[in-house]
**Student:** 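Let me give you the structure first, and then I'll get to my questions.
Chain letters run A, B, ... following the sequence lines, proteins first and then strands; every chain starts at 1.
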2 protein chains.
Amino acid sequence: MSQPATKQRILDAAEQLFAEGGFHHTSLRAITTKAGVNLAAVNYHFGNKEALVEAIFERRLCPLNTARRQQLDAVRDRARAEGRAPGIEEILRAFIEPTLAFRDAGPGARAFISLVGRALSEPDGVVRGTFIHHMQPLFAYLLELTRVALPQLSPQRTFWRLFFALSAIGHTICLLDKPLPWPPGVTPLQDSEALLAEILPFLTAGMEVKE
Amino acid sequence: MSQPATKQRILDAAEQLFAEGGFHHTSLRAITTKAGVNLAAVNYHFGNKEALVEAIFERRLCPLNTARRQQLDAVRDRARAEGRAPGIEEILRAFIEPTLAFRDAGPGARAFISLVGRALSEPDGVVRGTFIHHMQPLFAYLLELTRVALPQLSPQRTFWRLFFALSAIGHTICLLDKPLPWPPGVTPLQDSEALLAEILPFLTAGMEVKE
DNA sequence: AAAAATGTAAAACATTCGTTTAAATCGAAC
DNA sequence: GTTCGATTTAAACGAATGTTTTACATTTTT
């Protein structure tokens, strides 16, 4: 058990427990017990509980947003090479696809998605602030591309439509794993392809509608 | 100070504090202090903290969902009287308008909206279960009307589009009052009319799109 | 008016929390 | 083999939590 093993084990355990039980409701004792490390290890390696939360977000959100940004770069470059404006559907897809791939990567990532779902509505200032800090530049990039894709819309309208779209995406992805009272005949969307096929036309139509 | 004053003062104080600080992070001492009642009053009148949460949801959510149901009834009856299927836009409007009117009713209702925004993603089983229990019948009614309005869609597809739409509505309304890093030139949607005018065309187009 | 029920008050209950301390253990460099 | 820094361990700390208890006040009933 070398040095990084402890930190990583704490991050893994905390990620899962935070996803299941929330931030305040999950104690350091539960985390360190699940991780198989000493109680004081969190304070030693991270300083305090809040810093642990930040570390969890940094570990997952930075790679995910890097992947999203690369996809958006690819969309922009492809449109530029073909001398056309990017399409709103490929823009949205560039945001969603890395998210679903990330979700399919493993149970840890899947637990992190639950965390993200709570981050924006979380009353805790640290959680909320950390999340916004990581998402804001990416959202700005997304908005910039969307304005090029839909130049006929006013900036205000473009912003709010993108806001609606991201709300639907975020809320849906976060609730995918939660048990819900599905009506008879309705099944959870199994794979990422099925979800993409359902939500992309819905959002694209909403973004493009003439009014 | 008669009998019901204490219960109501507790509900008001708890509602506001829960909205600001979450369920677990808000202590009974903070609630009773703000309400100007004794600490033991919560346990005496409600039994325990969880029952207080349920009481808060019942007080607000039942009247709100009654109003929503009445609006949906009106849409159904109007369409029936005119010998046509209800339109998806008026169905969505029948759900959103009472929500916005409720939100405009006062600061207590506005605080409650923040609570609702957290209810679905809340890890706490009591909060989540209480919310789902109140919303499920209304959602079933909404889904039934939507299937009449959009008969060309498969039940599965209708469900998921309605899910997307309600996700966008819920997430948007819950974040209306929260401070966000608005891009330059973008202003928060001031009144309910402006929000309705923005989101209804977006959702209607998404619900109706041919594929 | 007496008695019973209902609501309020202050205090203490046992637990749990995040954090700190101080000693013990480990690993590598010299 | 010793030394020194890094890490782990066990124990304790003070503070805060939900809940209960006991006594007191108030209202309602008989």
**Student:** Can you find a side-chain donor-acceptor pair between A:Arg103 and A:Ser192 that sits under 3.5 Å?
**Tutor:** no

**Student:** Compare every heavy atom of A:Ile31 with every heavy atom of A:Ile10, then report the nearest pair and how far apart it is.
**Tutor:** O-CG2, 4.0 Å

**Student:** Using a cut-off of strictly less than 4.0 Å between a heavy atom of the residue and any atom of DNA chain D, enumerate the qualifying residues of residues 30-41 of chain A by number.
**Tutor:** A:Asn38, A:Ala40

**Student:** Does a side-chain N-to-carboxylate-O contact under 4.0 Å join B:Arg9 and B:Asp12?
**Tutor:** no

**Student:** Checking the side chain of B:Asn65 only, and the main-chain atoms of B:His134 only, is there a donor and an acceptor separated by less than 3.5 Å?
**Tutor:** yes

**Student:** Specify the separation, in whole Å, of atom CZ of A:Phe46 and atom C1' of C:dT19.
**Tutor:** 16 Å

**Student:** Taking A:Arg68 for its side chain and A:Glu97 for its backbone only, find out whether a donor-acceptor pair lies under 3.5 Å.
**Tutor:** no

**Student:** Which residue pairs pass the salt bridge (charged side-chain N to carboxylate O under 4.0 Å, His left out) test with at least one member in residues 23-49 of chain B, sequence neighbours excluded?
**Tutor:** none

**Student:** Write down the distance between CD1 (B:Ile10) and C1' (C:dA9), rounded to a whole number of angstrom.
**Tutor:** 14 Å

**Student:** Let me know the distance between CZ of B:Arg29 and C1' of C:dT15, rounded to the nearest Å.
**Tutor:** 12 Å

**Student:** Please confirm whether the shortest side-chain N or O distance from A:Thr6 to OP1 or OP2 of D:dT8 is below 4.0 Å.
**Tutor:** yes

**Student:** Tell me which of A:Tyr44 and B:Asn48 sits closer to the 5' end of DNA chain D, going by the nucleotide each one is nearest to.
**Tutor:** A:Tyr44

**Student:** Looking at the side chain of A:His45, which of D:dG18, C:dT8, D:dT7 is the nearest nucleotide?
**Tutor:** D:dT7

**Student:** Distance check needed: C:dC17 P versus A:Leu17 CG, whole Å only.
**Tutor:** 12 Å

**Student:** I'd like to know if B:Arg59 and B:Glu15 make a salt bridge, using a cut-off of under 4.0 Å between side-chain N and carboxylate O.
**Tutor:** yes

**Student:** Of all of residues 49-59 of chain B, which get a heavy atom below 4.0 angstrom from DNA chain D, listed by number?
**Tutor:** B:Lys49

**Student:** Considering only heavy atoms, which members of residues 18-27 of chain B lie under 4.0 Å from some atom of DNA chain D?
**Tutor:** B:Thr26, B:Ser27

**Student:** I'd like to know if the side chain of A:Glu90 reaches the main chain of A:Gly87, judged simply by a donor and an acceptor atom lying under 3.5 Å from each other, with no hydrogens or angles considered.
**Tutor:** yes

**Student:** C:dT19, OP1 or OP2 - any side-chain N/O from A:Asn43 closer than 4.0 Å?
**Tutor:** yes

**Student:** Could you note down all residue pairs passing ring-ring contact (aromatic ring centres under 6.0 Å, His included) where residues 170-206 of chain B supplies at least one of them, sequence neighbours left out?
**Tutor:** A:Phe159-B:Trp182, A:Trp160-B:Trp182, A:Phe164-B:Phe202

**Student:** Which pairs, with at least one residue in residues 12-31 of chain A and sequence neighbours excluded, count as a ring-ring contact (aromatic ring centres under 6.0 Å, His included)?
**Tutor:** A:Phe18-A:Phe23, A:His24-B:His25, A:His25-B:His24

**Student:** Just by modelled atom types, is the A:Val209 backbone N or O under 3.5 Å from a matching donor or acceptor in the A:Arg161 side chain?
**Tutor:** yes

